[in-house]
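Notes for the one structure printed next.
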Amino acid sequence: MTTLTSTEGRVNLRGHSVPVGLYIDGVWRNAPSTFDVINPSTGTVVAQVADGGAAEALSALDAAAGAQEAWRRVAPRERANLFHRAHSLLLSRADAIAETMTIESGKPLAEARSEFQLSADFFLWYAEQVAHLHGTYASGSPGGYRVVTTYQPVGPSLLITPWNFPLLMIARKAGAALAAGCTVVVKSAKETPLTCSLFVETLHDAGFQPGVVNLLHTTRSADVSAAVMADPRLRKVSFTGSTGVGSTLLQQAAPGIVNASMELGGDGPFVVLEDADIDLAAQQAIISKFRNAGQACVAANRIIVHSAVAEEFTRKFVGLTQKLRVGDGFDEGTEVGPIISATQRDTVAGLVESLKAIDAELLTGGSAVEGGGYFYQPTVFKVNDRDNEVCNQELFAPIATIYTVDSTAEAVQVANDTRYGLAAYVFTRDLSRALAVSESLDSGMVGINRGIMADPAAAFGGVKASGLGREGGHDAIYEYLEPKYLAITVDETKGLE
Ligand code: NAD
């Protein structure tokens, strides 16, 4: 591997200079080969990025392991100051980062800006936590000693992020890990490496020491993770992505008993009861379903509507869907961007065919949009027979499916009839009913009369096949900390002498 000088190894995107190397031990490096990053709105190559393999991944782990001891000993206030510097720098780079995100992920610029703001807020949340970690002090049960509990970083951590929220995922994971005192190796998604590079460059410029943060881009994820996961110096893996890959990583974590946090797939039920505000429900369903072109783990995957309001909801929801403007994320007024890749767009088309094959009624959409990019029309189906495979999977697409039920009990039963349990939504004007239904839903999160709910102060995560652990909220930092208990003998008579 050669080290890049400051002028090499960068690409210029809309006037923003973005590194294209791997970031290992404080320097940007080349790899023996590169891979193309494609703008899904145009299908054109926008950058060629260093393609790391197992050897580079192990170099990154060498750096992270080497920096661990010094990083955990950085005093909390000093570490918090570093975080605050990085946060300020991040804010000053909002345009570069949001525009880069739109170029490589296709998401509309307004959505990229919202993601930027939320990511910066998550990072700030962890900055605020760094200097506020406390232990406990208690009497031992039989007396004669004290129980002191303190927290120590788990150790070098592998953070694997997906392409659908490229900045939010790295900021949320790296924020928690670094705040806790863990050094990190981040593996970006090959579709969106450049956003991660700008984030990591910001940490570098803020003064994070070499080795504390390392970034690997690769087209060989499986080779990279197998090599790093088998190394006993790795103590933690945090993954956001599909349930299948999460399951593989848990198996790789088992032999070395590596601490694991998993944010996996979802099958979000969006329940509209007969007393709901239907205008609000339809408008929130649009956001929940079509944000990021439906490529969100918390998206409304199945819209479950009481039969008494099904006609009204469907009419309003379809009307709003038909008004959505599909296009290049930089075009004024674009609300729905492209699908991430040509392959994924074929998958979306395949899902539409599967739904047609079970006699689901196509209410709008149902076709790819002609042109250079990977666009697909926002699509709505009414599903009459839900006992089919396509009704039991995460669509991860701009396809809404509407199911009709005749009671609250049936709505809850349909909502829970899935292996997943990430986000669920319930719409009703009766708060007591909303709470009772929320408690009955098998999910890690419930949006009540709202279709979007990510927040740094909230614990984000799922149950069942949707994952293990939480990101955000007061407790997320403990995913990267381990309690240590000290038993201290105390001669209680000494205080009375
Ligand atoms: P994916 O699992 O294919 O990829 C996610 C990441 O894992 C990428 O970085 C990819 O390169 C990497 N990866 C793939 N195979 C790997 C392997 N064998 N070892 C190590 N890393 C590997 O998922 P995707 O299609 O890119 O993303 C969509 C999925 O992610 C959906 O299922 C979605 O629900 C889920 N997701 C979950 C959350 C959440 O917080 N729960 C958030 C966003 C996305």
Side-chain angles (χ1 to χ4, degrees), residues 35 37 40 49 51-54 57 104-105 107 115 118-119 122 158-173 176 185-193 195-196 215-230 234 237-253 258 260-268 291-301 339-341 343-344 347-348 393-397 418-424 443-445 453-454 458-472 476 479:
F35 64 92
V37 179
V49 167
D51 191 0
E104 63 181 355
S105 76
K107 67 179 64 193
E115 180 175 342
L118 184 59
S119 308
F122 261 99
L158 174 64
L159 314 179
I160 304 178
T161 60
W163 48 264
N164 58 345
F165 291 97
L167 183 66
L168 182 59
M169 296 300 126
I170 189 173
R172 200 158 84 174
K173 288 185 192 302
V185 175
V186 181
K187 195 210 76 65
S188 69
K190 68 181 185 312
E191 295 82 359
T192 54
T195 304
C196 292
L215 175 64
L216 197 87
H217 308 305
T218 183
T219 54
R220 290 158 285 163
S221 298
D223 294 352
V224 160
S225 68
V228 176
M229 294 290 292
L234 185 81
V237 59
S238 175
F239 171 73
T240 294
S242 58
T243 295
V245 173
S247 172
T248 301
L249 289 166
L250 284 172
Q251 287 169 39
Q252 290 174 345
V258 174
S261 298
M262 297 281 142
E263 302 282 355
L264 306 175
D267 183 7
R291 183 175 60 124
N292 213 25
Q295 305 166 117
C297 53
V298 290
N301 206 47
I339 307 301
I340 190 70
S341 64
T343 313
Q344 191 61 22
T347 303
V348 174
Q393 69 184 82
E394 179 181 30
L395 298 172
F396 217 65
T418 170
R419 67 192 287 243
Y420 295 105
L422 190 59
S443 66
M445 303 174 277
M453 56 182 151
F460 184 102
V463 300
K464 302 200 296 192
S466 289
L468 297 169
R470 296 294 181 268
E471 291 184 336
E479 301 267 329

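The figures here come from the full heavy-atom set of this structure, side chains too, leaving out hydrogens, waters and symmetry mates. Counting starts at 1 for both ligands and their atoms, following the listed order.
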Check each heavy atom of [X] against ligand 1 and say whether those closer than 4.0 Å belong to the side chain, the backbone, both or neither.
X    : answer
N164 : side chain
A222 : both
R172 : side chain
F460 : side chain
Q295 : neither
T240 : both
S466 : neither

Residues, nucleotides or ligands: over 12 heavy atoms within 6.0 Å of K190 NZ
no

Which residue and heavy atom of the protein sit nearest [atom], plus the separation:
atom                    : answer
atom 35 (C) of ligand 1 : G241 O, 3.1 Å
atom 33 (C) of ligand 1 : F396 CE1, 3.3 Å
atom 15 (N) of ligand 1 : V245 CG2, 3.5 Å
atom 39 (C) of ligand 1 : C297 SG, 3.2 Å
atom 7 (O) of ligand 1  : F239 CE1, 3.1 Å
atom 26 (O) of ligand 1 : W163 NE1, 2.7 Å

Using distance alone, determine whether [X] and ligand 1 share an N or O pair under 3.5 Å.
X    : answer
T161 : yes
E394 : yes
K190 : no
L264 : yes
S242 : yes

So how far is it from [X] [atom1] to [Y] [atom2], rounded to the nearest 0.5 Å?
X    : Y    : atom1 : atom2 : result
L159 : I170 : CG    : CD1   : 7.5 Å
L264 : L250 : CG    : CG    : 7.5 Å
I339 : Q295 : CD1   : CD    : 4.5 Å
R172 : F165 : CZ    : CZ    : 9.0 Å

Salt bridge D51-R220, side-chain N to carboxylate O under 4.0 Å:
yes

From G467, S221, G461, A454 - option closest to atom 21 (N) of ligand 1 by heavy atom
S221

Which residue from S225, C196, S188, A189 reaches closest to atom 20 (C) of ligand 1 through any of its heavy atoms?
S225

For T240 and K173, which I'm curious about, is there any donor-acceptor pair between the side chains at under 3.5 Å?
yes

Regarding T218 and K187, do their side chains bring together a donor and an acceptor under 3.5 Å, going by distance alone?
no

Heavy-atom pair with the smallest gap, counting every atom of [X] and [Y]:
X    : Y    : result
I160 : S225 : CD1-CB, 4.4 Å
L249 : M229 : O-CE, 3.5 Å
L216 : G53  : CD2-O, 4.4 Å

Show your working on side chain to side chain contact (heavy atoms under 4.5 Å, CB included) between T161 and C196 and close with a plain yes or no.
CA-CA 9 Å; T161 60; C196 292; 4.3 Å; yes

Stepwise side chain to side chain contact (heavy atoms under 4.5 Å, CB included) check, V298 with F460
CA-CA 10 Å; V298 290; F460 184 102; 3.5 Å; yes

Is there a side-chain contact between S238 and E263 in this structure, where contact means two heavy atoms from C-beta onward sitting under 4.5 Å apart?
no

Nearest protein heavy atom to atom 23 (O) of ligand 1: under 4.0 Å?
yes

If we only consider heavy atoms of F165, is any one of them less than 4.0 Å away from an atom in ligand 1?
no

Touching ligand 1 at all, T248? Heavy atoms, strictly under 4.0 Å?
no

